[in-house]
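None of these values were measured; they are calculated from a predicted model. Numbering of ligands and ligand atoms starts at 1, following listing order. In what follows, residues are counted from 1 in the order of the sequence shown. Any value given below was found using the heavy atoms of this structure, including those in side chains, with hydrogens, waters and symmetry copies removed.
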Amino acid sequence: MKFIAYNVRQDERAYFENWSQENNIEIKLVADEVTSKNLSLSKGYDAVISFQTGTYPAEFFETLASYGIKDVSIRNVGVDNLDLAEAKKYEIAVTNVPAYSPNAIAEFSVAILLQLLRNQNIFRKRMAANDYRWAPFVGKEIRALTIGIVGTGRIGKVAIDIYKGFGAKILAFDPYHDPKLESEGIYIDTLEDLVAKVDVLTLHMPGSDKDGHLIDAKMIEKMKDGAYIINTARGSLIDAKALLTALKSGKLGGAGLDTYEFETPIFNHDLNETGVKDELFKELVALDNVVMTPHIAFYTETAVENMVNIALDSAKSVIETGTAPTLVQTK
Ligand code: NAD
Ligand code: COI
């Protein structure tokens, strides 16, 4: 058995090498993400271990099937950028790492809200200009706010626990009601009703190309004036243009964005020489009431180690037994 891993960063290499030694399984490490050009490198391997926020080549599963590959194990949670129907058609199992560290993302989502609530962008700029005054940028405390959680899965639940620690009132929307949270009476029946009741809306659900924007201009209009929105889930959930309009007009108080609708050509790339061409992005990041980060909510030592080890364990399990606990797509 031997595996090929794409998009391997420096900070992952030691985990791959340790796992390879412990399991006596050869792994070829490729620094680039999967493209049409380098897909042929996977010929001769039994499983592909991949990781990317952008799109996979259209011929991904068809080509892997022609090489006799039986498994694709991604090192992250979201499978929204993989064509699972194609995987099924070509009888390739797909596994993910559903819970490498929900805490990493939940903690980060709260951290960016704190930066917004205490006007960190403004005070950083003022200090850089030798201006150390306070007024008029008085902050808000989380315990004074009602937090709306969209998606009460693994990450949403950790976020709820953190917000409880701050003493916030918590409401939530999720088509699936967790029995324990249900007994606490936090669920609101519709997203429209939730957004109208909360001071902060924080997204913790999967992205999907099919549903269009969850948060569009109409939904933003239903939100409280001056409300905050936090998105560490998927950029596709928010209409970025509508968000920009609402932030500029003052309809919304601020946005904390670790994901962005058009992030693929920007995030995790060094654009020092070319700069960013996306005007919408540039306008968003220039706003004092926006905290934008390049999809790094997941990026902790605990998470990276788990992502590598769980993906490799899953691939080994699929090749040896035909299944794995992390299977998202059966053959
Ligand atoms: P999860 O599967 O444990 O929970 C997702 C929850 O969303 C489920 O309870 C589900 O019922 C709910 N849901 C589905 N559709 C919904 C809808 N239309 N409205 C409201 N709720 C809905 O997933 P998780 O581990 O909590 O992760 C959530 C998402 O976070 C992932 O799908 C991924 O997109 C994103 N994520 C981001 C990062 C990052 O670094 N920024 C890292 C990991 C995951
Ligand atoms: C995920 O695990 O789904 C993430 O969003 C993190 C990663 C793709 C950068």
Using ring centroids (six-membered ring only for Trp), state whether Tyr6 and Phe51 fall under 6.0 Å. no

Would you say the ring centroid of Tyr187 lies under 6.0 angstrom from that of His177? yes

Just let me know how Arg234 lines up against ligand 1, side chain, backbone, both or neither, with a heavy-atom cut-off below 4.0 Å. side chain

Atoms in ligand 2 with a heavy atom of Thr53 nearer than 4.0 Å: 8 (C), 9 (C)

Quick test of your reading of the structure: of Phe51, Phe267, Tyr100, whose heavy atom lies closest to atom 6 (C) of ligand 2? Tyr100

Would you mind running through ligand 1 and noting each atom that sits below 4.0 Å from a heavy atom of His204? 5 (C), 6 (C), 7 (O), 28 (C)

State whether the number of non-hydrogen atoms from other residues, nucleotides or ligands found under 6.0 Å of Lys164 atom NZ is greater than 12. yes

With heavy-atom distances below 4.0 Å as the criterion, list the atoms of ligand 1 near Val150. 20 (C)

Flag, side chain of Asp199 to backbone of Ala227, donor-acceptor distance under 3.5 Å: no

Taking distance alone, with no angle check, do Thr232 and ligand 1 share an N/O pair under 3.5 Å? yes

Salt bridge present between Glu12 and Arg75 (N-O < 4.0 angstrom): yes

Using heavy atoms and a threshold below 4.0 Å, how should the contact between Asn76 and ligand 2 be classified: side chain, backbone, both, or neither? both

What's the shortest distance from atom 9 (C) of ligand 2 to any protein heavy atom, and which residue and atom give it? Phe298 CE2, 3.3 Å

Neighbour count >12 (heavy atoms, 6.0 Å) for atom CZ, Arg9: yes

Quick check: Asp258 and ligand 1, any N/O pair under 3.5 Å apart? yes

Under 3.5 Å between some N or O of ligand 1 and some N or O of Ile155? yes

Which of the numbered atoms in ligand 2 are below 4.0 angstrom from a heavy atom of Gly78? 1 (C), 3 (O)

Contact between Pro175 and ligand 1, counting heavy atoms under 4.0 Å? yes

Is ligand 2 under 4.0 Å from a heavy atom in the side chain of Arg234, in the backbone, in both, or in neither? side chain

Quick test of your reading of the structure: of Gly78, Ala303, Ala233, whose heavy atom lies closest to atom 35 (C) of ligand 1? Ala233

Within a radius of less than 6.0 Å around CD of Glu320, do more than 12 heavy atoms belonging to other residues, nucleotides or ligands occur? yes

May I ask you to list the atoms of ligand 2 that are less than 4.0 angstrom from any heavy atom of Val77? 1 (C), 2 (O), 3 (O)

Could you state the interatomic distance from CG (Asn23) to CG (Leu312), rounded to the nearest 0.5 Å? 8.0 Å

So is Tyr299 touching ligand 1 or not, going by heavy atoms under 4.0 Å? no

Considering only heavy atoms, does Tyr299 approach ligand 2 within less than 4.0 Å through its side chain, its backbone, both, or neither? neither

Flag side-chain contact, heavy atom, 4.5 Å: Pro98 against Arg154: yes

Asp174, any N or O under 3.5 Å of ligand 1 N or O: yes

For atom 14 (C) of ligand 1, the option (of Pro294, Ala172, Pro206) bearing the nearest heavy atom: Pro206

Using a 4.0 Å cutoff against the non-hydrogen atoms of His295, which atoms of ligand 1 qualify? 39 (C), 40 (O), 41 (N)

Flag the pair Asp131 and Arg133 as a salt bridge only when some basic side-chain nitrogen lies within less than 4.0 angstrom of an acidic carboxylate oxygen. yes

Between Lys125 and Asp288, is the closest basic N to carboxylate O distance under 4.0 Å? yes

Side-chain heavy atoms of Thr326 within contact of Val97, under 4.5 Å: no

Looking at atom 4 (C) of ligand 2, what's its closest protein heavy atom, distance included? His295 NE2, 3.5 Å

Checking heavy atoms under 4.0 Å, the part of Phe173 that sits near ligand 1 is both

Determine, step by step, whether Ile69 and Val48 satisfy the side-chain contact (heavy atoms from CB on, under 4.5 Å) criterion, reporting the C-alpha distance in whole Å, the side-chain angles of both residues, the deciding distance to 0.1 Å, and the verdict. CA-CA 8 Å; Ile69 289 174; Val48 170; 4.0 Å; yes

